[in-house]
Amino acid sequence: MSEHPRAPDTPPAANFVRELVLADRAKGDFGGRVQTRFPPEPNGYLHIGHAKAICVDFGIAEEFGGICKLRFDDTNPETEETEYVDAIVDDVRWLGFEPGEPLYASDYFEQLYQWAEHLIATGFAYVDDQDAETISAQRGGYGRPGVESPFRSRDVEENLDLFRRMRAGEFADGAHVLRAKADMQHDNMQLRDPIMYRIRHEHHHRAGDAWVLYPTYDWAHGQSDAIEGVTHSLCSLEFDSHRALYDWYLEHLPLPGDQPRQIEFARLELTHTVTSKRKLRELIDDGLVDGWDDPRLPTLRALRRRGYPPSAIREFCEFIGVGKTNSRHQIELLEWFIRNQLNRTAPRRMTVLHPIKLVITNWPDGRTEMMTLQNNPEDPADGIRDVPFTGELWIEADDFMAEPSPKYYRLSPGSEVRLRGAFFVKCTGFETDGQGRVAEVHCTYDPETRGGNSSEGRKVKATIHWVSTAHAIDVRVALYDRLFTADVPGERTGEPLDDLNRNSKTVVDAKAEPAVAAAAPGQVLQFERLGYFAADGAERSLFHRTVGLKVEWANIQKRPK
RNA sequence: UGGGGUGUGGUGUAACUGGCAACACAGCAGAUUCUGGAUCUGUUAUUCAAGGUUCGAUUCCUUGCACCCCAACCA
């Protein structure tokens, strides 16, 4: 792992979860043990928001010498699939954590059932015959008490009988539910006799057809924690009001060990993107992006394809900390961590995205010379390579201006620049095509500057990249812009898609130096002066722009004259 | 409408449980540079509001205000 931007000997940033765990240990709770879990529902792919949760869940456990397990919260057979299970395990591992053998809430269905009977027997649960609408209406509202179900006083024997027959499959979906007998007057709506079981004649991705009775999240979650020996059950803020119910269930059960503690923290949100499963799915289903691994998406699969190093994502997550404040981090900060990492590790190559021809008029006809360039000036250990140089090169269209604006110090008539690692060249003229666009730039080179330095100490203000036209290889480069133009997609209208950037992807045909052909699938290169680019995992010669370099020039142009 | 949570520069996060409000990103200025990158130096800017307690309040008290979550047989 690379070094953290924080000074190495400063203690880890304060973090309220860490402090709560510390306090529990000081009290001797849980026998000093720390165990957490990462509990995704296998109904979609993991995204950057999950990455933070994973870092927190695994991170806290690791920090205290405890363990963290991956548990699938697969209590709803309608939406869950094995495909997602495999992808999630894979993503967790890619991020850099060892999920071990995954656990499944569905493996606890029998124990959950037994505990449900225990609750019935002790008078804390009952079978309700009413439909969802009626139950919802009886629940009351904010500031209005609920009214009790007419089935609430059903006796234990009848409840037990009905519940067993529910399990046996005697009833249709929705005919009965099992409810906790808590408090219909409670200020916290979660405690107004919540549903524990619903009947679903549905195939389960793991349990198969063994059950028609499925536990709800609230009934399954804390109990699963208890079964596994979880000590600290970390979840996101919206479950705050569920904590009372989490505790209620646990307090009414003969637990095998200590009662786990739920702690809520703020999830990660980023500007210019969305993480809701519904929106993500919509983008894909409507063909607005090319699939779950489209590099514009915040899914882990997409970020991986785009070339984001997992270690940089982890550093980012550690850096932003853990708190209870709802907030949205600027995507620029994440990108800073990505660049910071890649700058040290990505080999440099030259690729011209928008080529125009540069002709060196005093270069000997037909001559090729090999220029030696460092693979990474930030890491001399990365070695050197030879790049073929000739009298006809591709250079970036942006690197020439027929009428240079103030402060522009690349190529323009009469100016001299350095061709990276090669020679100084002086512009002597240019040709335009029929529409007045620059088609070809002419220059002369100074043979005394071979390697890129003038012997008499002459300086140039700019260095540009180049590719010999005779040796260039053709590559396709996908340039990505923000998927959403607004910081907070949907903030104005309530509909994120209203802020969709319709031009978030541009694919250009580019010219690259020969060494680019050797890029391994997934490898990230720095195309000099342009940014970082990841070789596609499947399509050779396709590169995805991971992130651009910072462009000072853009700021210069923005400044008032 | 009842309950719960949260408010610190432009953004995000800290401040040893009352003692000079700090760090990072972004911005600006300069140095340096064979990437207008990176690096280095400097710099602008912050405690939701109003009261109170106190020698002293981001921290404690009171009252407001703003935002988020909760009335799925989703998680």
Side-chain angles (χ1 to χ4, degrees), chain A residues 5-7 10 13-15 39-41 43 73-76 78-80 128 131-133 135-146 173-174 176-179 186-192 194-200 214 216-218 220-221 235-244 264 266 271 277 319-330 332-337 339-340 343-344 348 350 373-374 377-378 407-410 417-422 424 451-453 459-465 487 526-531 548-556 559:
Chain A
R6 201 177 49 215
T10 51
N15 156 342
E41 184 187 13
N43 70 345
D73 241 343
D74 55 352
T75 55
N76 185 351
E78 291 174 338
T79 55
E80 297 153 5
D128 197 329
D131 61 28
E133 225 171 289
I135 291 175
S136 172
Q138 287 171 353
R139 192 125 41 207
Y142 303 142
R144 269 182 307 120
D173 288 9
H176 303 278
V177 289
L178 186 72
R179 299 178 71 183
H186 204 104
D187 281 335
N188 183 345
M189 303 295 292
Q190 304 297 331
L191 257 3
R192 321 252 262 226
I195 309 294
M196 294 170 63
Y197 277 103
R198 58 305 202 186
I199 299 173
R200 284 290 126 85
Y214 289 98
T216 54
Y217 164 84
D218 288 297
H221 201 92
C235 63
S236 47
L237 250 27
E238 70 267 29
F239 291 102
D240 179 287
S241 59
H242 293 241
R243 191 176 57 246
E264 314 84 25
T271 56
K277 277 176 189 164
F319 184 80
I320 60 174
V322 183
K324 293 185 78 109
T325 317
N326 278 316
S327 59
R328 192 175 284 263
H329 288 80
Q330 294 179 329
E332 288 82 356
L333 183 62
L334 204 211
E335 289 177 338
W336 183 85
F337 278 88
R339 288 195 193 97
N340 188 249
N343 180 42
R344 296 187 297 253
R348 271 56 171 176
M350 292 192 287
L373 278 88
Q374 276 195 94
E378 300 290 324
K407 290 279 180 67
Y408 181 86
Y409 51 75
R410 279 108 93 178
V417 301
R418 173 190 296 112
L419 295 175
R420 170 129 247 212
F424 285 10
N453 282 308
K459 302 274 189 202
V460 286
K461 290 207 78 171
T463 299
I464 66 174
H465 58 282
D487 274 11
Q526 184 194 97
F527 290 165
E528 294 235 23
R529 304 206 301 133
L530 299 174
L549 256 26
K550 188 176 158 189
V551 248
E552 179 67 6
W553 177 238
N555 280 335
I556 294 173
R559 280 170 209 148

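So you know, we letter chains A, B, ... as the sequences are listed, proteins then strands, and number each from 1.
Distances shown here put a side-chain N or O of A:Arg198 below 4.0 Å from the OP1 or OP2 atom of B:A75. Between A:Arg529 and B:G36 there is a side-chain N or O to OP1 or OP2 distance below 4.0 Å. For A:Arg559 and B:A29, the shortest distance from a side-chain N or O to OP1 or OP2 is below 4.0 Å. Taking side-chain N and O atoms only, A:Ser136 has a distance below 4.0 Å to OP1 or OP2 of B:A72. Phosphate proximity of B:U13 to A:Ser327: present, with a side-chain N or O under 4.0 Å from OP1 or OP2. Distances shown here put every side-chain N or O of A:Arg139 at or beyond 4.0 Å from the OP1 or OP2 atom of B:G2. An OP1 or OP2 oxygen of B:G27 is reached within less than 4.0 angstrom by a side-chain nitrogen or oxygen of A:Asn555. Put simply, A:Thr75 has a side-chain N or O that comes within less than 4.0 Å of OP1 or OP2 on B:A75.
In the model, A:Asn188 has no side-chain atom that pairs as donor or acceptor with a side-chain atom of A:Gln190 under 3.5 Å.
Heavy-atom minimum distance, A:Arg529 versus A:Arg410: NH1-NE, 4.5 Å.
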What pairs of nitrogen or oxygen atoms, one from the protein and one from nucleotides 38-45 of chain B, lie under 3.5 Å apart?
from	atom 1	to	atom 2	distance (Å)
B:A38	O2'	A:Asn343	ND2	3.1

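Looking at heavy atoms from C-beta onward, A:Tyr142 lies in side-chain contact with A:Met189 at the 4.5 angstrom threshold. Residues A:Asp218 and A:His221 form no side-chain contact, since every pair of their non-hydrogen atoms from C-beta on lies 4.5 Å or further apart. With a 4.5 Å cut-off on side-chain heavy atoms, A:Arg420 and A:Leu373 count as touching.
Remark: the separation of the P atoms in B:A21 and B:A57 is 11 Å, to the nearest Å. Taking atom P on both nucleotides, B:U62 is separated from B:G5 by 14 Å, rounded to a whole Å.
Base orientation of B:A72: syn, since the glycosidic angle falls within 90° of 0.
Here A:Tyr217 does not count as stacked on B:A75, because the ring centres are not under 5.5 angstrom apart with planes under 30°.
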